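Worth saying up front: this structure is predicted, and the values here are computed from it rather than measured.
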Amino acid sequence: MQEFSPLDGAVLIDKPAGPTSHDVVAAIRRQFAIKKVGHCGTLDPNATGLLIIVLGRGTKLSEKLMSDDKVYEGTMKFGETTDTYDADGELVTSLPVPPLTVEQLNEAFGQFVRDQMQTPPMVSAVKKDGVPLYKLARKGIEVEREPRLIHIYNFQFSAYQEPLGHFRLACTKGTYVRSIAHELGQKLGCGAHLATLRRVVSGKFDVAQSLPLAEALKLTPRELETRVIPFLKLASGAAPAKTE
């Protein structure tokens with residue numbers, strides 16, 4: 001039986017806004033000269049938070065880890081609709097925002113807490129005939145997308161100061177939070193888009209256990225080994241202890 005190396009497993013990274021998930025993978029591969037590196041669940045460039053980076057033989061567990069439920073926190077901006085449903089896109093419409101309270105927002109969103117079919121947005125990493133949709137969108141091409149079954153477990157707004165609402169959402173894998181923001185804006189009649197997004201939980205892993213990308217890239221290979229969740233622990237589904 002082949003022995004596992006100290007770098008066969010996963011490391012939890014707190015992704016900053018700016019780089020893509022692939023950029024994070026490439027930076028870690030280059031910095032530590034690890035041949036096999038992957039990630040478990042794409043975060044949009046301007047999204048932040050928990051990114052599970054799998055290393056070496058840990059890449060064999062990427063599908064398993066990617067299938068876990070997620071928890072996000074973020075803000076929605078009401079009154080403005082964009083073509084990408086988030087702050088990266090071009091402004092499409094701008095409408096007055098009706099008087100709103102946290103209670104009204106939570107009441108309006110109550111019907112979203114359920115099973116539902118969601119169509120991936122054109123600007124997404126979903127592939128059509130092997131080509132990511134966002135690459136087609138950049139060329140002005142829009143194609144038919146297959147709706148996917150998702151489930152929202154919980155969605156609560158904690159604060160609202162016009163035009164921004166702060167929320168926390170728990171959902172299944174593959175849920176596009178910016179699509180939900182767009183739908184909620186349509187329901188309220190004023191439009192909305194996702195202003196900020198942070199992934200705080202993925203399965204049994206919490207962003208509090210992660211290391212900011214900039215700090216991770218300063219580690220020595222030996223220091224990185226101490227941050228790696230071993231392959232066998234990952235395979236068993238055990239979560240690491242929280243670090244101070």
Side-chain angles (χ1 to χ4, degrees), residues 15 21 39-52 63-89 97-98 100-126 133-134 145-161 163-208 210 237 239:
K15 186 186 94 64
S21 299
H39 69 79
C40 303
T42 301
L43 281 174
D44 289 335
N46 277 339
T48 68
L50 181 60
L51 190 63
I52 302 174
E63 287 296 325
K64 174 182 182 295
L65 297 172
M66 208 176 297
S67 66
D68 287 334
D69 296 334
K70 313 288 193 296
V71 179
Y72 296 93
E73 293 178 351
T75 57
M76 293 182 187
K77 186 174 183 179
F78 296 94
E80 293 182 355
T81 302
T82 71
D83 58 356
T84 59
Y85 303 166
D86 62 13
D88 284 342
V97 180
L100 293 169
T101 65
V102 169
E103 291 74 24
Q104 287 172 325
L105 286 171
N106 285 330
E107 182 179 353
F109 205 77
Q111 65 175 282
F112 287 81
V113 182
R114 56 178 170 81
D115 280 342
Q116 56 191 281
M117 300 301 291
Q118 185 185 69
T119 301
M122 271 303 300
V123 181
S124 67
V126 174
L133 292 179
Y134 68 84
R145 286 95 70 200
E146 288 292 326
R148 298 176 168 190
L149 178 65
I150 63 167
H151 183 81
I152 305 297
Y153 298 103
N154 185 40
F155 193 117
Q156 287 287 318
F157 282 87
S158 59
Y160 176 71
Q161 185 172 3
L164 296 174
H166 299 264
F167 68 88
R168 184 179 174 94
L169 177 149
C171 58
T172 52
K173 72 161 188 175
T175 300
Y176 284 92
V177 184
R178 52 197 164 101
S179 292
I180 294 169
H182 179 78
E183 289 179 40
L184 182 57
Q186 297 298 103
K187 176 178 173 59
L188 295 175
C190 62
H193 68 266
L194 186 65
T196 65
L197 187 69
R198 181 168 176 78
R199 184 155 63 203
V200 293
V201 175
S202 181
K204 295 183 178 181
F205 304 110
D206 191 288
V207 72
S210 67

List the atom pairs, donor and acceptor, that lie under 3.5 Å between side-chain atoms in residues 182-190 and the rest of the protein, sequence neighbours left out.
none

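- For the pair K15 (side chain) and P45 (backbone), a donor-acceptor distance under 3.5 Å is present.
- Every residue was checked against the side-chain hydrogen bond (donor to acceptor under 3.5 Å, both in side chains) condition with N154, not counting sequence neighbours, and none meets it.
- Partners of T82 by side-chain hydrogen bond (donor to acceptor under 3.5 Å, both in side chains), not counting sequence neighbours: none found.
- Side-chain contact check for D86 versus Y176: every heavy-atom pair is 4.5 Å or farther apart.
- For A47, the side-chain contact (heavy atoms from CB on, under 4.5 Å) criterion is met by L43, D44, L197, not counting sequence neighbours.
- Qualifying side-chain contact (heavy atoms from CB on, under 4.5 Å) partners for T175, counting only residues two or more places apart in sequence or in other chains: Q118, I150, I152, C171, T172, I180.
- Between L105 and F167 there is no side-chain heavy-atom pair separated by less than 4.5 Å.
- With values rounded to the nearest 0.5 angstrom, H166 atom NE2 is found 12.0 Å from M76 atom CE.
- We find the CD-CG distance between Q156 and L169 to be 10.5 Å, quoted to the nearest 0.5 Å.
- With T84 contributing its side chain and G89 its backbone, the two residues share a donor-acceptor pair below 3.5 Å.
- With sequence neighbours left out, the side-chain contact (heavy atoms from CB on, under 4.5 Å) criterion links A87 to H193.
- Judged purely by atom type and a 3.5 angstrom limit, R199 uses its side chain to pair as donor or acceptor with the backbone of G41.
- Residues in residues 63-72 take part in no salt bridge (Lys or Arg N to Asp or Glu O under 4.0 Å) pair, two or more places apart or across chains.
- Here the CD1 atom belonging to I52 is positioned 5.5 Å from the CG atom belonging to L65, to the nearest 0.5 angstrom.
- With sequence neighbours excluded, the residues that form a side-chain hydrogen bond (donor to acceptor under 3.5 Å, both in side chains) with E73 are R168.
- Partners of S202 according to the side-chain hydrogen bond (donor to acceptor under 3.5 Å, both in side chains) rule, which considers only residues two or more places apart in sequence or in another chain, do not exist here.
- Side-chain contact between T196 and R198: absent, with no pair of heavy atoms (C-beta onward) separated by less than 4.5 Å.
- Partner of Y160 under the side-chain contact (heavy atoms from CB on, under 4.5 Å) criterion, chosen from N106, T75, V102: V102.
- Contacts of F109 classified as ring pair (Phe, Tyr, Trp, His ring centres under 6.0 Å), with partners at least two apart in sequence or in another chain: F112, F155.
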